Amino acid sequence: MPTGFLLTFEGSEGCGKSTQIQRLCARLESAGREVLLLREPGGTIVGELIRHLLQHEKEAAGMTPETELLLFAASRAQLVREKIQPALARGAVVILDRFLDSTTVYQGIARGLPMESVRAINDFAVGAMRPHLTLVLDLPCEIGQERIRTTGRELDRMESQPLAFFEKVRQGYLGLAAQEPERISVIDASLTIDQVEAQIAALVEGRLHAL
Ligand code: TMP
């Protein structure tokens with residue numbers, strides 16, 4: 001029976017996830033792997049509607065942290081059943097731009113919602129599914145913020161949080177990586193794009209060969 005591989009990318013704003021995910025995806029596809037690339041929130045029609053509400057809908061500015069948590073989880077519940085489970089069953093490599101750890105860190109640690117509730121809601125959304133490997137792209141928050149500012153585009157609801165929020169996010173990810181070193185690897189995202197790419201490729205290829 002084919003078993004796929006679930007790889008998740010995590011990190012704070014401006015850490016370069018999207019660029020690295022694109023590069024890894026191209027690399028794996030040219031090696032003949034089936035790759036499914038998805039983002040959270042989003043990745044399905046329902047999920048993209050939820051993403052709009054969470055990030056761009058001006059009238060949703062008054063959203064409470066509890067509502068935010070449930071909406072991220074709702075998008076994830078749809079994605080797991082509609083896209084991730086079938087792809088893993090086919091033996092594909094599924095690459096997720098954010099997953100469970102984002103909720104633990106952003107809503108649990110940075111927003112300060114009770115961790116038992118965050119855990120219970122995450123479990124309800126995904127069941128027993130866990131990533132085989134999670135890569136945290138780590139970067140000092142000031143550099144991440146500067147990278148976003150230089151794009152010149154309007155900041156979304158999450159990107160508009162104060163710097164202290166992103167400090168909590170960064171420390172949250174480093175704490176999770178220390179708790180689960182087998183699953184979570186921290187990558188220094190302040191290196192050049194090519195250096196980061198090479199580190200990621202070595203880690204992922206090692207894990208895929210070990211399957
Ligand atoms: P991104 O797709 O540009 O990374 O933006 C997603 C934003 O949503 C980012 O600020 C992180 C945030 N987020 C959460 O707060 N909780 C979650 O569970 C997820 C998936 C994302």
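This structure is a prediction, so every number in the text was calculated from the model and none was measured. Counting begins at 1 with the first residue of the sequence. Indexing begins at 1, ligand by ligand and atom by atom, following the structure's order.
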Heavy-atom donor-acceptor pair, Glu10 side chain to Phe99 backbone, under 3.5 Å
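Yes; at least one donor-acceptor contact below 3.5 Å.
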Do Arg130 and Asp123 meet the salt-bridge criterion of a basic N to acidic O distance under 4.0 Å?
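Between Arg130 and Asp123 there is a salt bridge, with a charged N closer than 4.0 Å to a carboxylate O.
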Arg170/Glu167 ion pair, N-O < 4.0 Å:
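No, Arg170 and Glu167 are not salt-bridged.
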Considering non-hydrogen atoms of the protein only, which is the closest contact for [atom], and what is the distance?
| atom | answer |
| --- | --- |
| atom 18 (O) of ligand 1 | Thr103 OG1, 2.5 Å |
| atom 14 (C) of ligand 1 | Phe72 CZ, 3.2 Å |
| atom 15 (O) of ligand 1 | Gln107 NE2, 2.9 Å |

Can you list the ligand 1 atoms lying under 4.0 Å from a non-hydrogen atom of Lys17?
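Checking each atom against Lys17, I get 4 (O).
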Of the listed options (Arg157, Arg98, Glu68, Glu13), which comes nearest to atom 10 (O) of ligand 1 when hydrogens are ignored and any heavy atom counts?
Glu13
[X] to ligand 1, any heavy atom closer than 4.0 Å:
| X | value |
| --- | --- |
| Gln55 | yes |
| Arg51 | yes |
| Arg76 | yes |

CG (Asp188) and SG (Cys15) are apart, to the nearest 0.5 Å, by 11.5 Å
As an exercise, state the distance from CZ of Phe166 to CD of Glu142, rounded to the nearest 0.5 Å.
12.0 Å
Heavy-atom pair of closest approach, residues Glu159 and Glu13
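For Glu159 versus Glu13, the nearest heavy atoms are CG-CG, 3.8 Å.
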